[in-house]
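Hydrogens, waters and symmetry mates play no part in the numbers below; they use all other heavy atoms, side chains included. So that the names make sense, note that chain A is the first sequence line, chain B the second, and so on, each numbered from 1.
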Protein chains: 2
Amino acid sequence: MRYSRQREAILAAVRNTTSHPTADSVYAHVRNSIPGISLGTVYRNLRLLVEAGELRALEGPGGVNRYDGCTNGHYHFRCDVCGRVLDIDEPFDVDLDGEVAARTGLEIRCHSLEFRGVCTECQAQSGARICGVPHEA
Amino acid sequence: MRYSRQREAILAAVRNTTSHPTADSVYAHVRNSIPGISLGTVYRNLRLLVEAGELRALEGPGGVNRYDGCTNGHYHFRCDVCGRVLDIDEPFDVDLDGEVAARTGLEIRCHSLEFRGVCTECQAQSGARICGVPHEA
DNA sequence: TTAGGTGCAAAACCTTTGCCATCCC
DNA sequence: GGGATGGCAAAGGTTTTGCACCTAA
């Protein structure tokens, strides 16, 4: 894969935050350094970077995907109020894939565990307001 | 929630299969018994049924969601070749939500565990062809 | 030089929504 | 009758794609 500063900026934008940004959020962030970048380029490179194993994609509802700069095994929590995705410190089970594969005959490459509920901030706001998802959160 | 035969047929279509169908697949199936039903109605009722706890929604990539007629706790496997979703017999951990909630302060309502890889059928086809996802599979 | 990357805009895709007719209770 | 529901079609949002131009190697 050939170098491009667009792709480097996109990778950095996802890696330099813990907010698991959406494609649109990455686009907004990268435009600070490369004002002329296009949204299509962001999508194209996010996809390439996921395929190359540099990023992880987190599937979301309604076609909104989020991206995770950390490819190490870890689990997520998704807030049903604000949509934010947080990392969970639950220990990652490295043996699980192999155990299930042996029992089922499926070829298993990875697994993902996601919790859902209400984050502490949205609990404090008693669910009345929808809180934002700042890129730097 | 008031009765309608459209909603009943939609619920039955998801419940009477193990294929975790998409909205479009449900639409195709329900049209056999109610030819005049509209896709909007299918989406509207799938959403209502999920909110009512009658069905589970499985988030997917690229905006395609799937639905699960079984609301008991169980885990899934998604084939990266054909997109099919299968149930996994891994024992469901009912205490996990409470444990993580106690440790993190998050309000946790549920969790989902999904494995990814290649299903036995796609392994047999050596990944060359994309296999279909029949509603009755 | 040239294969790969970008920007732009249109298209594709899935899902939601508004409106009026219809149906359950 | 009255409010919930359906059918239809248009709108909405996200992602992909075609094409001409540009750029890293």
- Note on the structure: Ranking B:Ile10 and A:Asp24 by the position along DNA chain D of their nearest nucleotide, the one closer to 5' is B:Ile10
- Query: Expressed in angstrom and rounded to an integer, what is the separation of A:Tyr43 atom OH from D:dT15 atom P?
  - Reply: 3 Å
- Can a side chain N or O of A:Ser38 be found less than 4.0 Å away from OP1 or OP2 on C:dT6? no
- Query: How long is the line joining CG of A:Leu48 and C1' of D:dT16, in whole Å?
  - Reply: 12 Å
- Determine: side-chain N/O of B:Asn45 to OP1/OP2 of D:dG6, distance under 4.0 Å, yes or no. yes
- Roughly, in whole Å, what's the span from CZ in B:Arg47 to P in C:dC14? 17 Å
- Query: Given atom CD of A:Glu8 and atom C1' of C:dG4, what is their separation to the nearest angstrom?
  - Reply: 17 Å
- Check: B:Arg7 side chain, D:dG6 base, donor-acceptor under 3.5 Å: no
- Message: Does either side chain, that of A:His20 or that of A:Arg78, offer a donor lying less than 3.5 Å from an acceptor on the other one?
- Response: no
- Hey, what's the ring geometry for A:Phe92 with A:His111, parallel, tilted or perpendicular (30° and 60° as the breaks)? parallel
- Message: Does this structure show an ion pair linking A:Asp97 with A:Arg109, if we count only N-O contacts that are shorter than 4.0 Å?
- Response: no
- Can a donor-acceptor pair be found between the side chains of B:His29 and B:Asn16 at a distance below 3.5 Å? no
- Expressed in angstrom and rounded to an integer, what is the separation of A:Tyr27 atom OH from D:dG13 atom P? 16 Å
- Regarding the side chain of A:Ile37, the nearest nucleotide among C:dT16, D:dT15, C:dG7 is C:dG7
- Does the side chain of A:His76 come under 3.5 Å of the side chain of A:Asp68 through a donor N or O and an acceptor N or O? yes
- Message: Rounding to an integer number of Å, can you tell me how far B:Leu49 CG sits from C:dT15 P?
- Response: 15 Å
- Query: Nearest-Å distance, CG (A:Leu39) to P (C:dC8)?
  - Reply: 11 Å
- Mind calculating the distance between CD1 (A:Ile34) and P (C:dT6) to the nearest angstrom? 9 Å
- Query: So which heavy atom on B:Leu86 is nearest to which on B:Cys119, and how close?
  - Reply: CD1-CB, 4.3 Å
- Query: Distance check: side-chain N/O of A:Gln6 vs OP1/OP2 of D:dT23, anything under 4.0 Å?
  - Reply: no
Name the pairs: protein N/O against N/O of nucleotides 22-25 of chain C, kept only if under 3.5 Å.
from: C:dC23; atom 1: O2; to: B:Arg2; atom 2: NH2; distance (Å): 3.3
from: C:dC24; atom 1: O2; to: B:Arg2; atom 2: NH1; distance (Å): 3.0
from: C:dC25; atom 1: OP1; to: B:Tyr3; atom 2: N; distance (Å): 3.4

- Note on the structure: A:Asn65 has its side chain closest, among D:dT15, C:dC19, C:dC8, to D:dT15
- Restricting to pairs with a member in residues 44-55 of chain A, which pass side chain to side chain donor-acceptor pair (under 3.5 Å), not counting sequence neighbours? A:Arg7-A:Asn45, A:Arg15-A:Glu54, A:Thr41-A:Arg44
- Query: Want to settle it: does B:Arg44 or A:Gly40 sit nearer the 5' end of DNA chain C, counting the closest nucleotide to each?
  - Reply: A:Gly40
